[in-house]
Amino acid sequence: MTGSGDGNGSGLRTLPLGDGLPARAGFVVLGAHRLGELVQRRPAGITGNQWSSAIREAYDVVVCADDGTPRLAVEIGPETPAGRRAERMKNAVAGAVGLPVLRIGSPTLRAAEHGRAVVTYVIDARTYTDGVAVVEPGEDPPVGFRDILGRLPDGRTGAVNDLGALARAAAVEAYVEGRLVDPILRGLHVHWTDGPAEGWSWLEVRPGACLVERVTVREHRFSTGLDTARFAEDLAALAIGERLRTMDAAALVPRDELRAAIRGLAARRGELATGFAFDHLCAD
């Protein structure tokens with residue numbers, strides 16, 4: 001796995017791999033590390049203030065090559081104003097040494113519970129995409145990683161790499177038990193021009209009241225090998241599955257409020273890199 005930037009990684013330290021989780025394709029997944037543990041010295045072009053601030057900040061998961069060289073740093077968790085400021089500082093240093101970064105913003109997903117599984121999924125997706133042969137003119141495009149069909153845990157045939165598959169099954173089970181008024185886990189995804197991919201997912205729990213999750217994905221000098229916006233929507237579905245376990249009625253969003261927010265996205269379609277394909281969700 002290599003980033004999509006031009007950095008050669010010469011400013012990166014090699015890390016001990018003893019506590020790492022072996023992953024596919026020869027990479028090792030490590031836990032949290034401070035940026036100061038990953039970078040050997042202050043890179044050229046980085047101010048002293050940027051350096052002293054950034055090196056105290058940590059990434060939740062670090063993916064290394066088998067020689068201990070960091071190949072990807074990952075953050076998973078809530079987005080806050082203070083966190084965005086720290087992210088800018090870290091991005092400046094990481095960019096200077098060519099360290100790829102993946103940032104997943106979610107009020108529900110956490111590195112401790114979901115980090116290594118999500119990162120392993122990304123490694124698989126990137127490895128699969130890198131290994132797909134170039135399509136000749138006139139040939140059908142290869143099946144994308146997310147669309148590979150196989151046998152699901154409930155015995156049906158479906159997309160085996162859908163991160164929201166278990167949440168969708170849990171929603172049906174909750175509906176049968178009378179805990180939801182609609183079993184369908186719905187969603188949308190967009191990609192802001194010069195900004196993050198964004199995925200939404202929701203369930204109608206009570207008439208007119210929904211459980212809603214929003215996830216952002218930012219790729220810095222890195223490509224997951226997935227449709228990033230669709231990946232964000234799948235992560236939002238995964239988060240809905242987590243929230244179904246401990247349903248908080250106080251956190252439900254009125255359906256009219258959700259629809260107004262979707263219409264707000266539609267009104268800003270000119271700011272989206274790939275347009276807005278969910279006008280059907282704006283109707284009453």
Side-chain angles (χ1 to χ4, degrees), residues 1 3 15 17-33 58-66 70-79 100-131 144-154 156 158-171 173 185 187 189 196-201 213-220 222-246:
M1 180 189 299
L15 301 178
L17 303 179
D19 63 344
L21 173 69
R24 296 161 182 79
F27 295 99
V28 179
V29 180
L30 303 178
H33 282 73
Y59 291 110
D60 296 314
V61 182
V62 177
V63 178
C64 291
D66 56 10
R71 294 301 187 199
L72 176 66
V74 182
E75 293 180 272
I76 302 176
E79 294 187 293
V101 176
L102 176 66
R103 176 73 173 91
I104 297 171
S106 167
T108 300
L109 300 178
R110 295 291 186 274
E113 292 82 12
H114 312 100
R116 294 199 177 195
V118 170
V119 169
T120 300
Y121 177 89
V122 168
I123 291 173
D124 285 349
R126 178 62 185 266
T127 302
Y128 174 86
T129 302
D130 287 348
F145 180 79
R146 168 62 171 77
D147 296 317
I148 296 172
L149 297 179
R151 194 174 187 82
L152 299 177
D154 61 5
R156 295 180 299 113
V160 294
N161 294 321
D162 174 10
L163 285 171
L166 293 180
R168 300 180 210 284
E173 182 178 338
L185 184 57
H189 55 268
E198 187 171 325
W200 297 22
S201 188
E213 186 76 19
R214 171 181 166 271
V215 170
T216 59
V217 175
R218 291 175 172 85
E219 297 171 312
H220 302 282
F222 177 73
S223 171
T224 60
L226 299 158
D227 178 327
T228 313
R230 194 177 177 197
F231 176 48
E233 182 181 336
D234 281 351
L235 288 168
L238 174 65
I240 287 286
E242 292 295 313
R243 293 177 62 186
L244 266 178
R245 298 180 185 178
T246 56

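Note that the structure is a prediction, hence the values are computed from the model and not measured.
Comment: Glu233 does not engage Arg214 in a salt bridge, judged by the lack of any side-chain N to carboxylate O separation of less than 4.0 angstrom. A salt bridge does not link Arg230 to Asp234: none of the charged nitrogens lies less than 4.0 Å from a carboxylate oxygen.
Leu235 contributes atom CG, which lies 12.5 Å from atom CD1 of Ile240 (distance to the nearest 0.5 angstrom). To the nearest 0.5 angstrom, Thr129 atom OG1 is 6.0 Å from Leu226 atom CG. To the nearest 0.5 Å, atoms CG (Asn161) and CZ (Arg146) are separated by 8.0 Å.
Residues satisfying the side-chain hydrogen bond (donor to acceptor under 3.5 Å, both in side chains) criterion with Arg116, sequence neighbours excluded, are absent altogether. Every ring pair (Phe, Tyr, Trp, His ring centres under 6.0 Å) that Phe145 has, sequence neighbours left out, goes to Tyr121, Tyr128. Among residues two or more places apart in sequence or in another chain, the ring pair (Phe, Tyr, Trp, His ring centres under 6.0 Å) test is passed with His114 by none.
Looking at every heavy atom in both residues, Gly199 comes nearest to Ala236 through O-CB, 3.7 Å. When every heavy atom of Ala237 is checked against every heavy atom of Gly164, the shortest pair comes out as CB-CA, 3.8 Å. The heavy-atom pair separating Thr108 from Glu242 by the smallest distance is CG2-CB, 4.0 Å. Shortest non-hydrogen contact noted between Ala229 and His189 is O-CB, 3.1 Å. Minimum heavy-atom separation, Glu198 to Thr216: CG-CG2, 4.3 Å. Taking both residues in full, the closest heavy atoms of Leu30 and Cys64 are given as CD1-SG, 3.8 Å, listed atom of the first, atom of the second, then distance.
Two residues are said to be in side-chain contact when any heavy atoms from C-beta on lie closer than 4.5 Å; Leu102 and Leu72 meet this criterion. The shortest distance between side-chain heavy atoms of Tyr59 and Val101 falls below 4.5 Å. Looking at heavy atoms from C-beta onward, Val118 lies in side-chain contact with Ile104 at the 4.5 angstrom threshold. You'll find the side chain of Val29 stays beyond 4.5 Å of the side chain of Val62, heavy atoms only. In this structure the side chain of Phe231 never reaches within 4.5 angstrom of the side chain of Val215, judged on heavy atoms.
The backbone N or O of Ile76 sits less than 3.5 Å from a side-chain atom of Asp60, completing a donor-acceptor pair.
In summary, the side chains of Glu213 and Ser106 do present a donor paired with an acceptor at a separation below 3.5 Å, with no hydrogens or angles considered.
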